[in-house]
Each structure stands twice: as C-alpha cells, then as structure tokens.
Amino acid sequence: MNGGIGEAVSRRDGPAKVTGGALYAADTPLAGALHAVIVPATRPRARIIAIDLAHAAAAPGVVAIFTHRNTPAFGPVTVVLAEDSLPPLQDDRVAYEGQPVALVVAETLEQATEAARLVSVSYRDEPFRADFLAEIEHAEPVPAFFGLPLDTAWGDVAAAWAEAEARIEGTYLTADRHHNPIEPAATLAVWRDGQLDVFDATQGVSEEREALAQALQLEPARIRIRNEFIGGGFGAKGWGLPHQLLAAMAARELERPVKLVLTRAQSYTAHGYQPATRQTVRLSARADGTLTGLSHDVVAAGSSIGTYIEAAGWETHALYATPSFSTSHRRVRLDRGSPSAMRAPFSGVGLVPVEIAMDELADELGLDPLELRLRNYAENEPGSGRPFSAKALRACYEEGAARFGWAGRAAAPRSMRDGRELVGYGMATAVRGEFRFPASARATIDRSGVVLVETGAHDVGQGLSTILPQIAADALAVPVDAVRLAIADTALPSVSFTGGSSTTMGAGSAVQAAAAALREKLAAAGANGPEGYAGALAALGVERLAAEGAWAPEEDPSAPALFSFGAVFAEVRVDPEIPVPRVSRVVGVYDAGRIINPRTARSQMTGGIIWGIGQALLERSEMDPGLGRFLAKNLSGYLVPVNADVPEIDARFVESFDGHASPLGARGIGELGAIGIGAAIANAVFHATGIRVREVPIRPEHLLGA
Ligand code: MOS
C-alpha cells in the first residue's frame, strides 16, 4: 500500500475542512480591506431613471458608490461569461431582478450593507416576460452551443412513427433549480503597483484571469487568481460573473483591497441556475420492443443577456440503437438572470423524459423495463456507427439488477406492498458525453524525497486533491504521503476550468505526464528506483529537480465515441393516504473507465444520486410570473434533500481501462451519478402508484388518490 492509483486513500482535504482549518476565499485575511455590497435591481425589466445616493453617500464609513454613471467602461469579454451581453453597471438597462444596479463600498460590511439599503433607485418599468411556459411559443432554435452541434438526425422518424406497432409520445417538464452551494460566491481583490491579486470562490482561475484581463484591459501576467478550497460549486462558480468584475474594478479604482461576498439571497440571482425545460419524446417500436424511431425535442428557458442553452438532447443519440433519430433544441429568452451549467447539465436533464418514455413503452408492451433496454442495446455509437471507446453498460445492468433484486419486481404497477405502503421499483440508463480540456502540471522532487505536484485545477469537493498525489505517487513509485500538492492558482501550470467532469482526465493526465518526465530525468541521472532519487539529485549537484507535463485531447473525428454509462435502480415507497414519495433504496452501477480512488469516486456517485433525489422529488425554484422573480431567497423556500430523505445508496463501478479517453484510462465521474436517477425514481413512483407523472419534481399533489 503506497497510496497509488486504485487505492481507497482518505480525502486529503478532509481534516482541514472538518476542523475549520480550511480557508475559503472569503476567509482570506486581507489587511485594510474595504467591503463591497451589491444593490440588486428589484424589477425584471426596466430603465433606471434616477439613483438617489444622498443618504447612502452620507452614511458612516462609505468610501465609494459605483453606478452606471461613474463605473469605468469594461473592455469586451470573449471568454465565457454568464451574462455575455450585459457587463455590470455600464448602462441604465435592467434585464433581470437581482442585477447589480449599484455597488456600495465601505469600511465595514455592516456599513456597506446599511448604505446599500439607503440607495434609492427609480425605475421606468417595461413589459417583461419571465414565465417560461406562458412564453413558450417565442422559442427560437439553438442548433449549436460552445461549438457542439446539438441537433442530430438520421433515418426517417416520421415514417417510423407512421409504421410503428407501438408508440409513445409525451411532453415532460423539468423545473428551474438553483445550485445552492454552502459557500456563497466571493471575490477579494487587491490592487497593488499595477498588479491585481484575486482570491475568488471560482472553479476556474485561468478563465477568470482571462475575463478580468479583458474587462480591465490588463495584461494577464499582471493578474493572479487563486482559491484553494471551494465550499460547493456544482457549476455555479464555473462561469464568469458580474461580481468578479465589480470587485476587481473597485479595488483598482480605490487602490485598496475590496472584499465582495454575495449574500445567500443573491445566490438565487447572481450564480446562474439550471433552467426549466419542456421536452417532447416520441418512441416508435415494434411489438417486441425494438425501437424504430426516437425523437427528442427540447425547449429550455434562457435569458435575454446570456447564451446558455440546456442542451438536454445532446447525448440522447448515444442511448439506444435505433434506425431513425432526431433531436432539436430551442430556447425562450426571458427577462431573468442567465441560467448556467449545473451538475450534470445536458443529459442529467434530458434523460428524465427519455427514460420515463422508455418506461412507458415497456408498460405499453408488457415488457420488463430492463429487458426493453437490453433489446435496444447499442454496440456502437448510433448514427455515426463509430465504436464506443470502452462500453461496459451490459455489465452495469447485470450487476445492478442482481444487487438490487430486480428479478423480484412484480410486473404490474401498484402490486407491491409493504404494510400500508405501496412499493415501486424503477430503473433507468445513464449516459454522459465526455468533455476533455488541455491541462498542464509540474512535479518537483527534493533531496528529502518530498514531491511537490503543482497544477491550476480545483478541488470542488470531488476529491482532486486526493487523487492527484495518488497519480504522482504511482508514477514515481513513492508513497502518497511523500507527495504535496499545490492547486487552483494562476501562478501554477494552467488547466481549463474544473467542470464538465473533465479534471481527472485533464489535470490527472498532466500530473501523470509530469511525474513520468521527472522519473525519466532521475533515471537519466542514475536512479534505478526511488532508493536512488536522493543520490541522483546529489550526482546532479541540485537540491531539487522539476519536470513539466501536459496533456491535451486529440480531436480526431474518426476516434472512438467517448461516453460514460450507468444503470440505476430505485425503490420508492408511497403511503396512499399521505402520498409523499420516499426513496428507500438505490443501486447504481457505473462504467467510467478506470477508477483512480474507489472511496472518492463512490462519494461522487453518492452525491450525484442525492442530487437526483432532489431533482425527482424536491427541487423547484418557483418563478413568480407577476413579479418576474424567483421566490426563493434562502433555503427555507427551496427544498433540497436532507439526511432524512437519503436512503442506503449502493454505488459501484464496473471498471475498464479506457486509453482512448485519457492516458490514465479514466473517464469523467463528477456528474455521472446525477444522471438517470431522476427517471429511475419517477419510474419507481409509477410502479408503486400506477400514476404516471410527466414532470419533476414529483409532488404529493400529483399522487393524491394513489
Ligand atoms: Mo459543472 S455543472 O461543469 O461544474
């Protein structure tokens, strides 16, 4: 046991986090820092006609108030920003409730908070559209996003529909959901001698540096961004956000450190969110369950000022073999804050309707839901015919079904009971396309045998700071305890943002390359193995020796198709008199290539499954259509799963080595657990109650009469 790849090493960041030793961005001690507080717009769409600052400016401790009248112009930002077309405090337009309309800077947080309350803004209201379903006829096609073609088609779905022996057509709703990280976003900016030093709760120091360089028209080399710990990101901290620009601008203008921490209420307007969708699925099949056509049409909520589209159909084509297929994406631009990616964007949202529809087809044909999936198993990527890089979904189905006891499922809905409770079994497939980004790293060894690994990636709680030392330990054949780690800093070798389940493949492969390069250098200096490392440094006459490593994905369209998979089984219990659905058991078996650390990987899947319980049964941000605002301003108005909602979760992996995905053999796991589970629970609710709900979250009122 040296703590290398494959070992269940305990989380390295655990002790610091549970003892309060971990410093999050807002905890960074900053001598002489000013405090900045955002004044949010109270209207969804308006023009600002006047801002009365007299009372606020006269309040104790106030140093400056920025509005659109006195904020310097920001340069155009081309890197990903949640609000691409509305840099903050640049003009009199209000495009969503919560948008910053002023920034108050004072000596203390209390003074800034009080003065922000005294800023009086007069608006000329304009007609607004914020209600997604009411505005759905205004949807516009979005055929591509981030360079990804979203709309795929082959074969003739209309003909398949006309000739089908069995047909399912359904329209399904998913809700607006907020990320709700425990740590609110925070930006601390220090301007000194023409250099900008930023501590930020971000998932991407590199992108933030680029955004700030463009907005403030500074050389990137004059900006440093760092952030060692993150208290939950889920994508909320993966996108450039207005408060980051504002804090940096204020620090430069005032030439004093500025600390800007969003309030909990602002976490519902300034972080992005997962937008509501309405999705239509059509399945055409033969009587034996073989699919002849699948179409998946997505309409998602969007904003007037951002480009995010919930690409819920992007991965659907990879699910099942079908001779005809089509998907389309449309977006309704609304007067709301911009949505953004939230844990398991795309298929985490899109498989809810597709996998419920598959359950409906199984029910229609009297087929076991698992058998229906096996009859439509895709050996190669449907459409392209490319092989999958390494697909072990069949083994996931088999192992999951066996562990869950799926064979004990009575076929008919509403036929399983335990005392007064109705019991239902449901299952679903999970599929996720891989995002891969270039990454670089450095490994340095000193004469005492300590190895320092450095890379700009983040530990958002997923376990990166545990697995990177394992990877280096493996490559250098040293114990993991000899490896130290520095991450999440633009002063370190750069990595793309930590999101999209990409970081094990990216940063992990770069660390492996750096450590392997270091080992080669040591070997060249005479070290046959770890015993010889100190001698090699001595022979070279150096105290330490470093090597760099980098990795970038190959963009080869003829390469195998990269997807991760899973089979998810859920048991639900419903008391017919008080029909609150409760998840009582979940088994998820996943195929994500090689697992670097079974402990942190399992924890990721468990977290994802809990995320899915929220999606299926609890989470919904209510939009008030009259006010054009999300009603939730804290966790009392937004239900997330708590321990009482979380049952025994059996999450495991069928391992393979996927050398196409990364040199480590690993694919991404961060979001895979949050995929499929929503539909598995919804299908279990149907099996328990006989009531088909084509909407998540499923609420007790949907099940009245069960
Ligand atoms: Mo993620 S939603 O790419 O952090």
Side-chain angles (χ1 to χ4, degrees), residues 79-82 145-148 174 176-185 200-208 227 229-241 244 267 271-275 277 300 302 306-312 314-315 337-351 430 432-439 456-464 487-488 495-508 553 562 564 592 600 603-605 607-612 614-615 619 621 640 667-675 677-678:
V79 295
V80 61
L81 268 187
F145 182 50
F146 268 141
L148 302 171
T174 68
D176 292 302
R177 300 160 77 199
H178 279 90
H179 304 77
N180 288 297
I182 293 176
E183 178 203 25
D200 197 299
T202 174
Q203 290 171 236
V205 287
S206 304
E207 288 77 5
E208 184 177 350
N227 175 35
F229 292 101
I230 297 183
F234 315 118
K237 294 164 184 165
W239 300 66
L241 294 165
Q244 296 169 324
S267 300
H271 264 189
Y273 58 95
Q274 182 173 83
T277 68
T307 53
Y308 186 77
I309 168 87
E310 194 61 56
W314 180 60
E315 291 125 312
S338 277
S340 65
M342 192 176 99
R343 191 178 194 171
F346 302 6
S347 66
V349 179
L351 292 203
R432 191 172 195 288
E434 302 297 338
F435 291 97
R436 301 183 302 163
F437 307 117
H458 296 255
D459 193 326
V460 288
Q462 84 280 39
L464 192 80
I487 55 170
V495 174
S496 294
F497 92 117
T498 296
S501 305
S502 66
T503 310
T504 300
M505 291 181 282
L562 295 176
S564 286
T600 54
S603 171
Q604 276 287 75
M605 309 322 285
I609 287 167
I610 295 169
W611 203 255
Q615 177 185 44
E619 289 182 62
S621 267
V640 295
R667 292 197 298 263
I669 58 170
E671 304 179 285
L672 184 61
I675 298 168
I677 175 68

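The structure presented is a predicted model; accordingly, all values stated were derived computationally and were not measured. Both counts, for ligands and for their atoms, begin at 1 and track the order of listing.
Nearest non-hydrogen protein atom to atom 4 (O) of ligand 1 is Gln203 NE2, 2.8 Å.
Counting heavy atoms closer than 4.0 Å to ligand 1, residue Glu671 contributes side-chain atoms (C-beta onward) but none from N, CA, C or O.
Aromatic ring pairs are classed by plane angle as parallel below 30°, tilted from 30° to 60° and perpendicular above 60°; the pair Tyr273 and His178 is tilted. Ring pair His271/His179 is perpendicular by interplanar angle, where above 60° counts as perpendicular and below 30° as parallel. Relative ring orientation between Phe145 and Tyr308 is described as perpendicular, the plane-to-plane angle rising above 60° on a 0-90° scale split at 30° and 60°.
Close contacts between ligand 1 and Phe234 involve ligand atoms 2 (S), 4 (O) [criterion: under 4.0 Å to a heavy atom]. For ligand 1 and Arg343, the ligand atoms under 4.0 Å from any heavy atom of the residue are 2 (S). Against a heavy-atom cut-off of under 4.0 Å, Met342 is close to the following atoms of ligand 1: 2 (S). In the vicinity of Ala341, heavy-atom distances shorter than 4.0 Å reach the ligand 1 atoms 2 (S).
At least one heavy atom of Gly500 sits closer than 4.0 Å to an atom of ligand 1.
Between the side chain of Gln462 and the main chain of Gly670, no donor-acceptor pair closer than 3.5 Å is present. Side-chain atoms of Gln203 come within 3.5 Å of backbone atoms of Thr498 as a donor-acceptor pair (strictly under, hydrogens ignored).
If you take CG on Leu241 and OG on Ser338, they are separated by 10.0 Å, rounding to the nearest 0.5 Å.
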